[in-house]
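If you're wondering where the values come from, they're calculated on a predicted model, not measured in any experiment.
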Amino acid sequence: MTTSPNTAEPQGAGFPDVDVLARLANELFRTVPLRSAPAEAEVLPPRGGAQNGLDDRVAFSHPDSIAGGVGAGGSPPLAAAFPPSPGLSGPIERTGSVPAIGSAVRPTALSSVAGRGSESTPWLAGFPGVSAPFAPALDDASLRALLPPASVRSAPQLPAGSASFYFLEHGRPDATRIAANKPVAPHLSGVAPLDVHLIRRDFPILSERVNGKQLIWLDNAATTQKPRQVMERLTHFYTHENSNIHRAAHELAARATDAYELAREKARGFLHARSANEIVFVRGATEAINLVAQSWGRQFIGKDDEIVVSELEHHANIVPWQQLIAATGAKLRVIPVDDDGQLRLDAYAELLGPRTKLVSVTQVSNALGTVTPVQQVVELAHAAGARVLVDGAQAVSHMPVDVVALNADWYVFSGHKVFGPTGIGVLYGKEALLNETQPWQGGGNMIEDVTFEQTRYQKAPARFEAGTGNIADAVGLGAAIDYVTAIGMEKIAAYEHGLLEYGTWLLRGIPGLRLIGTAREKASVLSFVLDGFKTEEVGAALNGQGIAVRSGHHCAQPILRRFGVEATVRPSLAFYNTCAELDSLAAAIHRLRGRKSSIQVG
């Protein structure tokens, strides 16, 4: 008995559904010659103990012959689907260099000339979640068209006579070692693998059950889940350090002040800023943008001056500038995007002029996932004499950020988007620029001296932190920064890139599903609409399967309207997500379509 692709429950965390791989294998071997396969017709004998090595031949097994078979409940676990030494249900004929196989087969073994065939499991594509991507060594362009992009990007050419695939060493379903002498794909060379299975243990909420199903959290662009290390740091603060900060003589005030200022230093290091004086704690990216608009903006922008934003922006990077324009008589100019959701730099260059005072753009679109060319945006703006603010709310959890190299004047992000608490965020600003800017709020902690006649303000960052701030959550943000830094932002970026490409490949295979935003450079967002369904219907159906996604306009109505829609369904990914969870997402969408089709037929 076999099951339809994408309908099984999730396999071991991180692994693609074996039925999905089977479908891919069928297409792959039905249409594309193996580079090292013999040219003449050949019959492969059943695979037995002494014949573990097949010298670059591929052995297949009918699903019913796999240990335990495939029951009505779905596919077998990965270890059963790929046993160490499976037998064949019968000889498989190979015509020319193309195996003649049916529609219900799974790859079970591939040998290595190096003699590791009995110890290895083949992995057909460069899927994340197993510790590192693996890629076929491919020559044929048509094969590349069949596989998700992550599996073929920069695929290396192996030495003549070596196996055509990389291997996972055999072992547990969460095996994480690559067999000896098998290289990692070049685009990840030098980047150590990320162990998603170990990481998931740090996030207690991922064990939560919703509607009887294990939670699949795919709403990371709205907020990320928190590791236990952040929760424990908050508990420790309130248990051992809780006090107001600065200027008190007692021990708890010293502890709280030290913890708060250490968190500022961690944020400085995370952004690679030059000084902790360039780090201002705020409630989040929204407050940071409003701070710049209401302080620097009111001070330096006047009538007929121009502010440039892009079509991609979140409302938080549109509305504060509209409010400033209403107060000052300035004008708003908008950078258009192309049909893939990429900024049109040619049009942007034409917008810049002597009246341009500020450019404010997102680094990653929250609605489409487009990664913008912020380096070029900054350079062009500075050449025109304008200041630049970069909204990094959707970027900091997906990629390394270096504000010195970027040379932006301001950079903003929210703690809850980078696995930290809500209600805390960071405004980075160049120190001299912050010190020439008047504060937008007044009160305690930000003053140097007050009389009834005048007030002198402290230098940055204190001048922008009036009153008692969110001390505990700043400390929690520091713990979140420690967490992602320990993993490594390069590892996170590499893992999520493969995850995104796998998810893109899955969703593109669903009839009637249209991806919104197909930029070449994207972060972990998979916005889509589904023919015949309202976005809220899809969101509710996925919720019924324990899958959390966002459906709506994502506080980014202008960019969605650019693509002719008012709302999308938005799965968004983080480094604790897995290919198996994406399989479940695709399966749930298939089931939803199937139910409507059945009703229409009936």
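Counting only distance, with no hydrogens or angles, the side chain of R550 and the backbone of A222 share no donor-acceptor pair below 3.5 Å. Of the possible polar contacts, one joining the Y348 side chain to the V377 backbone as a donor-acceptor pair under 3.5 Å is found. Looking at D409, its side chain does come within 3.5 Å of a backbone N or O of V388 through a donor-acceptor pair. The backbone N or O of H416 lies less than 3.5 Å from a partner atom in the side chain of K226, making a donor-acceptor pair. Proximity of a side-chain donor or acceptor of S527 to a complementary backbone N or O of T568 within less than 3.5 Å is not detected. Between the S310 side chain and the L312 main chain, a donor and an acceptor come within less than 3.5 Å of each other. With hydrogens and angles disregarded, a donor-acceptor distance shorter than 3.5 Å links the side chain of T224 to the backbone of F419. At distances below 3.5 Å, not a single donor-acceptor pair connects side-chain atoms of T356 with backbone N or O atoms of A386. For the pair E311 (side chain) and I559 (backbone), a donor-acceptor distance under 3.5 Å is absent. With hydrogens and angles disregarded, a donor-acceptor distance shorter than 3.5 Å links the side chain of Q375 to the backbone of A405.
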Next on the checklist: Let's go through K430 and Y428 carefully: what are the C-alpha distance in whole Å and the side-chain angles of both, what is the deciding distance for side-chain contact (heavy atoms from CB on, under 4.5 Å) to 0.1 Å, and is it a yes or a no?
Outcome noted: CA-CA 7 Å; K430 292 179 178 178; Y428 157 82; 3.6 Å; yes

Item to check | Verdict with reasoning, R247 to N445, per side-chain contact (heavy atoms from CB on, under 4.5 Å) | outcome: CA-CA 9 Å; R247 293 182 297 282; N445 196 52; 3.1 Å; yes

Checklist entry - What's the verdict on side-chain hydrogen bond (donor to acceptor under 3.5 Å, both in side chains) for T362 and H314, showing C-alpha distance, side-chain angles and the deciding distance? => result CA-CA 8 Å; T362 186; H314 187 282; over 6 Å; no

Checklist entry - Does the side-chain contact (heavy atoms from CB on, under 4.5 Å) test come out yes or no for W440 and V292, once each step is laid out? => result CA-CA 9 Å; W440 74 314; V292 174; over 6 Å; no

Next on the checklist: Working note: K357 + D304, criterion salt bridge (Lys or Arg N to Asp or Glu O under 4.0 Å); need CA distance, chi angles, decisive distance, verdict.
Outcome noted: CA-CA 10 Å; K357 289 295 189 291; D304 294 328; over 6 Å; no

Checklist entry - Between L477 and V418, does a side-chain contact (heavy atoms from CB on, under 4.5 Å) hold up when you go through it step by step? => result CA-CA 8 Å; L477 174 58; V418 66; 4.0 Å; yes

Item to check | side-chain hydrogen bond (donor to acceptor under 3.5 Å, both in side chains) evaluation trace for E501 with T504 | outcome: CA-CA 5 Å; E501 291 197 321; T504 301; over 6 Å; no

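For the pair E241 and R255, the salt-bridge criterion is not met [side-chain N within less than 4.0 Å of a carboxylate O]. In this structure, R233 does not pair ionically with D473, as no charged nitrogen and carboxylate oxygen lie closer than 4.0 Å. We find that D338 and R344 are not joined by a salt bridge, their nearest charged nitrogen and carboxylate oxygen being 4.0 Å or further apart.
Contact record, R570 with N366: NH1-O, 3.0 Å, taken as the closest heavy-atom pair. Looking at every heavy atom in both residues, M399 comes nearest to V364 through CE-CG2, 3.8 Å. For V426 against V282, the heavy-atom pair with the smallest separation is N-CG2, 3.8 Å. The two residues R463 and Q458 have their closest heavy-atom pair at NE-O, 2.8 Å. For the residue pair T578 and L499, the shortest heavy atom distance occurs at C-CD1, 3.6 Å. Between V371 and A523, the shortest heavy-atom contact is CG2-N, 3.6 Å.
The side-chain heavy atoms of R264 and E465, taken from C-beta on, include a pair separated by under 4.5 Å. Contact of the L343 side chain with the V337 side chain is registered, since non-hydrogen atoms from C-beta on lie closer than 4.5 Å. Between P421 and V230, some side-chain heavy-atom pair lies under the 4.5 Å cut-off. Taking 4.5 Å as the limit, some side-chain heavy atom of Y411 sits within range of a side-chain heavy atom of L406. Taking the side chain as every heavy atom from C-beta outward, V565 and R514 approach each other to under 4.5 Å. Contact of the N277 side chain with the N435 side chain is not registered, since no non-hydrogen atoms from C-beta on lie closer than 4.5 Å. Between T223 and W217 there is a side-chain heavy-atom pair separated by less than 4.5 Å. Proximity of N244 to I471: side-chain heavy atoms (C-beta onward) are separated by under 4.5 Å at one or more points.
By the neighbour-count criterion of 12 heavy atoms within 6.0 Å, atom CZ of R355 is densely surrounded, having more than that number from other residues, nucleotides or ligands.
Atom CG of L582 and atom CG of L218 lie 6.5 Å apart (nearest 0.5 Å). A distance of 6.5 Å separates CG in L324 from CZ in R298, rounded to the nearest 0.5 Å. The CG atom of N220 sits 8.5 Å away from the OG atom of S524 when rounded to the nearest 0.5 Å. Here D402 contributes atom CG and N407 contributes atom CG; the two are 10.5 Å apart, rounded to the nearest 0.5 Å. Expressed to the nearest 0.5 Å, how far CG of D305 lies from OG1 of T328 amounts to 7.5 Å. To the nearest 0.5 angstrom, L526 atom CG is 8.5 Å from S572 atom OG.
The aromatic rings of Y260 and F281 are tilted relative to each other, their planes meeting at an angle between 30° and 60°.
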Taking distance alone, no hydrogens or angles, what donor-acceptor pairs closer than 3.5 Å link side-chain atoms of residues 265-274 to residues at least two apart or in another chain?
unit_1: E265; atom_1: OE1; unit_2: R268; atom_2: NE; d: 3.2
unit_1: E265; atom_1: OE2; unit_2: R268; atom_2: NE; d: 2.9
unit_1: E265; atom_1: OE2; unit_2: R268; atom_2: NH2; d: 3.0
unit_1: K266; atom_1: NZ; unit_2: D482; atom_2: OD2; d: 2.6
unit_1: R268; atom_1: NH1; unit_2: A273; atom_2: O; d: 2.6
unit_1: H272; atom_1: ND1; unit_2: V401; atom_2: O; d: 2.9

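Of the candidates L352, I307, V309, V359 forms a side-chain contact (heavy atoms from CB on, under 4.5 Å) with just one, namely L352.
Partners of D202 according to the salt bridge (Lys or Arg N to Asp or Glu O under 4.0 Å) rule, which considers only residues two or more places apart in sequence or in another chain, are R228. Partners of H315 by side-chain hydrogen bond (donor to acceptor under 3.5 Å, both in side chains), not counting sequence neighbours: none found.
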